[in-house]
> 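What follows is a single structure, and I will ask about it in a moment.
Just so you know, these numbers come straight off a predicted model, no measurement behind them. Atoms within each ligand, like the ligands themselves, are counted from 1 in listed order. Below, each value reflects all heavy atoms present in this structure, side chains not excepted, and no hydrogens, waters or symmetry copies.
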Amino acid sequence: MRITRVAAVAAAATLALGLTACGGDDGSSEGTGAGSKSFAAGSTMERLNKAQAIKIGTKFDQPGFGQKGLSGKPEGFDVEVAKIIVKELGIPEDKIEWVEAPSKVREDVIVNGTVDLVAATYTINDKRKERIAFAGPYYEAGQNIMVKKDDTAITGPDSFKDGTKKVCSVTGSTPAETIKQYVKDVATQLVLFDTYDKCRDALKGGQVDAVTTDNVILLGYIAKDEASFKLAGDNFTKEPYGIGVKKEDTDFRNFINDTLEKAFNDGSWKKAWDDTAGKFGAELGAAPTVNRY
Ligand code: GLU
């Protein structure tokens with residue numbers, strides 16, 4: 001009787017061990033490492049997982065979304081969303097190579113393979129979809145205007161119609177295109193740089209009267225310098241943020257969409273926000289519906 005019970009316990013323990021070992025191989029393991037996940041042969045996911053390395057394009061100058069900090073690595077909501085995707089690929093965080101991707105070069109670095117994906121306050125639109133594909137959206141921002149704290153002359157985009165005020169934005173961005181509909185003279189009123197921090201400096205120095213881009217980017221600059229800047233008016237566009245990948249890579253796009261949906265539901269998307277841009281006064285809102293076009 002005693003021997004039988006011992007044998008039964010041993011058998012149960014063996015079975016449990018066996019089940020644990022199998023559980024590690026089913027692709028749902030939280031662990032990282034090439035062996036801990038399996039992906040379809042020939043897929044981008046398999047290639048990246050096997051390489052245990054990934055290159056990600058993001059911004060380096062946007063507080064709350066992608067800003068290079070003292071650590072030397074970018075920090076922000078886009079960076080955290082990208083890390084969620086990297087974890088799902090079974091790649092350790094320290095194997096990410098972060099590549100600065102200013103607005104104008106985003107499609108190029110995806111098409112020419114400089115990066116594997118772009119997470120960079122990247123508005124999904126049809127023009128960009130001619131060259132690349134988007135997973136997401138994972139957030140919806142809106143274009144707004146930042147002015148000096150004591151400015152009372154600019155109250156919204158219509159304030160540029162008088163032809164006198166200068167507004168700064170970034171080459172290759174959607175806000176730079178949209179604001180052209182509001183200024184009287186593009187040549188004298190619209191000042192373009194390659195990054196938003198240069199626009200912020202130009203506003204602070206008085207070379208321009210306003211900076212226009214997405215509200216959440218501007219809120220990041222305001223949070224860092226509340227004595228100098230404020231928003232002028234309400235959002236006047238919708239800017240749904242997507243993850244940029246190669247146009248033909250539908251499997252990778254589907255994988256990222258699945259990962260985003262999981263993150264919307266398991267709390268990691270909200271945590272990413274609360275730890276970053278959420279500190280700067282913008283609302284996260286309800287999780288968007290991913291667009292599986
Ligand atoms: N979301 C806009 C865009 O993709 C503006 C922000 C940016 O330039 O990154 O063009």
> Below 4.0 Å, non-hydrogen atoms only: which portion of Gln143 touches ligand 1? Side chain, backbone, both or neither.
neither
> Tell me the contacting part of Pro175 for ligand 1: side chain, backbone, both, or neither, using a 4.0 Å heavy-atom threshold, strictly below.
side chain
> Pick, from Glu177, Arg128, Lys104, Gln62, the option with the minimum heavy-atom distance to atom 4 (O) of ligand 1.
Arg128
> Heavy-atom contacts with Ala120 under 4.0 Å: which atoms of ligand 1 show up? List them by number with element.
9 (O)
> Take atom NZ in Lys165; do more than 12 heavy atoms of anything else shown fall under 6.0 Å from it?
yes
> Can you check whether Ile54 reaches Asp116 side chain to side chain, under 4.5 Å on heavy atoms?
yes
> Only heavy atoms of Lys59, strictly under 4.0 Å: list the atoms of ligand 1 that pass.
7 (C), 8 (O), 9 (O)
> Taking atom types as modelled, is there a side-chain donor on Thr237 or Glu239 under 3.5 Å from an acceptor on the other?
yes
> Numbering the atoms of ligand 1 from 1, which are under 4.0 Å from a heavy atom of Thr213?
5 (C), 6 (C)
> Give me the atom names and distance for the closest heavy-atom approach of Glu107 to Arg131.
CB-NH1, 3.5 Å
> Considering only heavy atoms, does Thr174 approach ligand 1 within less than 4.0 Å through its side chain, its backbone, both, or neither?
both
> For ligand 1, which atoms have a heavy atom of Ser103 less than 4.0 angstrom away?
7 (C), 8 (O), 9 (O)
> Salt bridge check: are Asp225 and Lys204 linked by an N-O gap of less than 4.0 Å?
yes
> Examine the proximity of ligand 1 to Ser173 and report which part, side chain or backbone, both or neither, has a heavy atom under 4.0 Å away.
both
> Do other residues, nucleotides or ligands put more than 12 heavy atoms under 6.0 Å from Asp274 CG?
yes
> If the contact criterion is a heavy-atom separation under 4.0 Å, does Ile217 count as touching ligand 1?
yes
